[in-house]
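Worksheet: one structure, shown below.
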Amino acid sequence: MADLWLPTVAVSRFDGTGYESPALTSNQVGGLAEFGADAIQFGFSVFEGMRAYVADPDFHVFRARDHHERLRGSCAALALPCPRYEVFAEALEQAVRANWDGRATRLYLRPVVFAAGGDVMPLQSDRYVFVVLVKTFDPAPADLGVLVEETVPRTHPAFAAVKTAGNYTSSGLAMRGAREAGCDTILWLDGAGNLQECTTMNVFVCLGGRIITPETGSLLPGITRRTVLDLLAAMGEQVVERDIPLSEVSDALARKEELSLFTTSTALGIRKVGRLRLGSADHVLDAKEPSAWTRMTEQYSLVTERFTEAAEDFPAIMSRSHRWIGSK
């Protein structure tokens with residue numbers, strides 16, 4: 001079985017006042033933490049998911065500053081010290097340089113901050129580690145099959161809008177049911193029957209000529225979601241952020257209205273939902289994609305895959321990214 005993550009990581013330890021300059025090491029825990037670490041026992045761990053794009057010799061980590069700001073919020077919620085942006089960016093650069101094989105054009109990055117010390121009670125010591133994992137990850141851009149979870153609502157946990165490890169346990173367990181039903185992911189509802197998000201993905205609905213997305217607050221504010229909103233706004237397209245009752249979707253399906261559903265995430269980018277399982281019924285979503293959405297996805301490709309062409313046309317988005325020349 002192939003290794004899930006590439007063999008080299010960038011690691012920075014907290015020295016009591018801040019994170020030291022990152023250094024490369026092998027992707028093994030070794031002396032970084034004990035089995036009794038607070039991260040293992042009590043879930044004191046937060047992370048980000050990021051994308052690096054390569055147009056040799058240039059490397060581009062998309063919206064690195066926004067990911068750092070979200071990581072800082074996650075760390076604050078769990079009382080973890082967060083590395084400064086300079087340490088964060090240096091670690092990203094080190095890890096990408098060390099793991100790039102000269103061929104890949106896309107890499108997935110996983111910065112993690114965790115409490116490395118531990119005791120019987122979840123009090124946290126002063127041992128913390130920041131590490132950046134790297135993975136070659138190029139999923140095929142196929143439409144998604146989505147199972148609507150109507151039995152178990154997505155509750156509003158204390159850290160609903162925080163990217164902490166513990167938030168993903170229940171989602172991971174529910175995903176087994178989705179796979180058994182032949183679907184790729186779960187679409188969660190809240191206790192009132194409103195659409196929330198898919199597992200690890202935000203949701204957009206195109207219905208009646210409008211583009212609608214659930215409000216954040218109880219949802220993780222996705223970086224790709226924000227990019228979609230930025231691009232559509234720059235095109236003069238309005239996106240309505242509001243509650244979306246499941247009944248609104250099911251009624252539109254019953255009336256055979258034009259309905260499209262899309263997901264956004266760093267790992268999978270922008271994906272169309274091709275099949276929606278609602279109860280025991282499968283609904284094929286084959287409505288024509290709105291022209292505004294098509295134009296926006298073309299622009300998304302520019303600011304990510306074709307980043308060398310985008311600096312002048314999208315300065316606000318590109319200034320939030322981290323770019324460097326491949327060889328020093």
Side-chain angles (χ1 to χ4, degrees), residues 49-55 58 60-64 66-67 104-109 137-146 184-185 187 195 197-214 216 219-241 244 249 252 257-276 283-321 323:
M50 307 175 65
R51 275 289 194 182
Y53 298 89
V54 185
D58 287 5
H60 173 76
V61 181
F62 187 62
R63 300 195 82 144
D66 296 307
H67 281 285
T105 58
R106 284 177 275 184
L107 294 170
Y108 182 78
L109 313 182
F137 186 63
D138 267 334
D143 291 352
L144 298 176
V146 173
D184 300 295
T185 189
L187 175 55
L195 274 59
E197 60 186 355
C198 289
T199 301
T200 74
M201 292 176 275
N202 292 117
V203 174
F204 286 81
V205 178
C206 298
L207 178 62
R210 297 166 297 161
I211 301 175
I212 316 165
T213 191
T216 57
L219 305 177
L220 185 75
I223 303 299
T224 305
R225 176 186 185 274
R226 183 187 308 178
T227 303
V228 167
L229 293 174
D230 288 346
L231 291 172
L232 287 169
M235 292 163 48
E237 295 290 336
Q238 182 181 13
V239 179
V240 180
E241 297 182 68
I244 308 173
V249 173
E257 295 182 18
E258 292 285 298
L259 170 70
S260 299
L261 200 65
F262 299 92
T263 65
T264 61
S265 70
T266 294
L268 298 181
I270 301 170
R271 290 294 184 90
K272 184 179 187 297
V273 176
R275 179 169 59 92
L276 187 69
H283 299 273
V284 176
L285 305 184
D286 56 1
K288 184 178 179 181
E289 184 175 291
S291 59
W293 192 268
T294 302
R295 296 199 310 276
M296 180 276 299
T297 56
E298 292 170 351
Q299 293 181 356
Y300 179 77
S301 175
L302 267 178
V303 297
T304 56
E305 307 282 352
R306 297 154 55 197
F307 63 89
T308 56
E309 307 170 37
E312 292 184 6
D313 292 332
F314 303 94
I317 290 176
M318 303 309 286
S319 67
R320 306 296 294 171
S321 301
R323 183 175 173 181

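The first residue of the sequence shown is numbered 1, and numbering continues consecutively from there.
Qualifying ring pair (Phe, Tyr, Trp, His ring centres under 6.0 Å) partners for His60, counting only residues two or more places apart in sequence or in other chains: Phe307. Partners of Arg295 under the salt bridge (Lys or Arg N to Asp or Glu O under 4.0 Å) rule, at least two apart in sequence or in another chain, are Glu237. Checked against side chain to side chain contact (heavy atoms under 4.5 Å, CB included), Ala287 has the following partners two or more places apart in sequence or in another chain: Glu258, Ser260. Shown here are the ring pair (Phe, Tyr, Trp, His ring centres under 6.0 Å) partners of Phe204, two or more places apart in sequence or in another chain: Trp293. The side chain to side chain donor-acceptor pair (under 3.5 Å) search around Ser319 returns none, not counting sequence neighbours.
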Does Phe137 form a side chain to side chain contact (heavy atoms under 4.5 Å, CB included) with Leu268? I'd like the steps, not just the answer. CA-CA 9 Å; Phe137 186 63; Leu268 298 181; 4.2 Å; yes

The test is side chain to side chain contact (heavy atoms under 4.5 Å, CB included); show your working for Leu107 and Arg51 and say whether it passes. CA-CA 6 Å; Leu107 294 170; Arg51 275 289 194 182; 5.9 Å; no

Can you check side chain to side chain contact (heavy atoms under 4.5 Å, CB included) on Val146 and Cys198, steps first, answer last? CA-CA 8 Å; Val146 173; Cys198 289; 4.1 Å; yes

Would Ile212 and Arg210 count as a side chain to side chain contact (heavy atoms under 4.5 Å, CB included) if you check the C-alpha gap in whole Å, the side-chain angles of each, and the deciding distance to 0.1 Å? CA-CA 6 Å; Ile212 316 165; Arg210 297 166 297 161; 4.3 Å; yes

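Looking at Ile211 and Val240, their side chains never come closer than 4.5 Å, going by heavy atoms from C-beta outward. Inter-residue side-chain proximity for Met201 and Thr185 is flagged as met; some heavy-atom pair is nearer than 4.5 Å. Two residues are said to be in side-chain contact when any heavy atoms from C-beta on lie closer than 4.5 Å; Thr213 and Val205 fail this criterion.
Distance CG/Asn202 to OG1/Thr264: 4.5 Å, rounded to 0.5 Å. In this structure, CZ on Phe62 lies 7.5 Å from NE2 on His67, to the nearest 0.5 angstrom.
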Return a table of donor-acceptor pairs under 3.5 angstrom between the side chains of residues 220-232 and protein atoms on other chains or two or more places apart.
from: Thr224; atom 1: OG1; to: Ser265; atom 2: O; distance (Å): 3.3
from: Thr224; atom 1: OG1; to: Thr266; atom 2: N; distance (Å): 3.3
from: Arg225; atom 1: NH2; to: Pro214; atom 2: O; distance (Å): 3.0
from: Arg225; atom 1: NH2; to: Glu241; atom 2: OE1; distance (Å): 2.7
from: Arg226; atom 1: NH1; to: Asp66; atom 2: OD1; distance (Å): 2.8
from: Thr227; atom 1: OG1; to: Arg63; atom 2: NH1; distance (Å): 3.0
from: Thr227; atom 1: OG1; to: Ile223; atom 2: O; distance (Å): 2.9
from: Asp230; atom 1: OD2; to: Arg63; atom 2: NH1; distance (Å): 3.1
from: Asp230; atom 1: OD2; to: Arg63; atom 2: NH2; distance (Å): 3.1

Under 3.5 Å, sequence neighbours excluded: what are the donor-acceptor pairs made by side chains of residues 308-316?
from: Glu309; atom 1: OE1; to: Arg306; atom 2: NH2; distance (Å): 3.4
from: Glu309; atom 1: OE2; to: Arg306; atom 2: NE; distance (Å): 3.4

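Ion pairing of Asp143 with Arg275 is absent here, as no side-chain N (NZ or NE/NH1/NH2) approaches a carboxylate O to less than 4.0 Å.
The minimum heavy-atom distance linking Val203 with Leu261 is given by the pair CG1-CD1, 3.8 Å. The nearest pair of heavy atoms linking Gly49 to Tyr108 is CA-OH, 3.2 Å.
Among residues at least two apart or in separate chains, side-chain hydrogen bond (donor to acceptor under 3.5 Å, both in side chains) pairs with a member in residues 296-305 are Arg106-Glu305.
In this structure, Lys272 contributes its side chain and Glu289 its backbone to no donor-acceptor pair below 3.5 Å.
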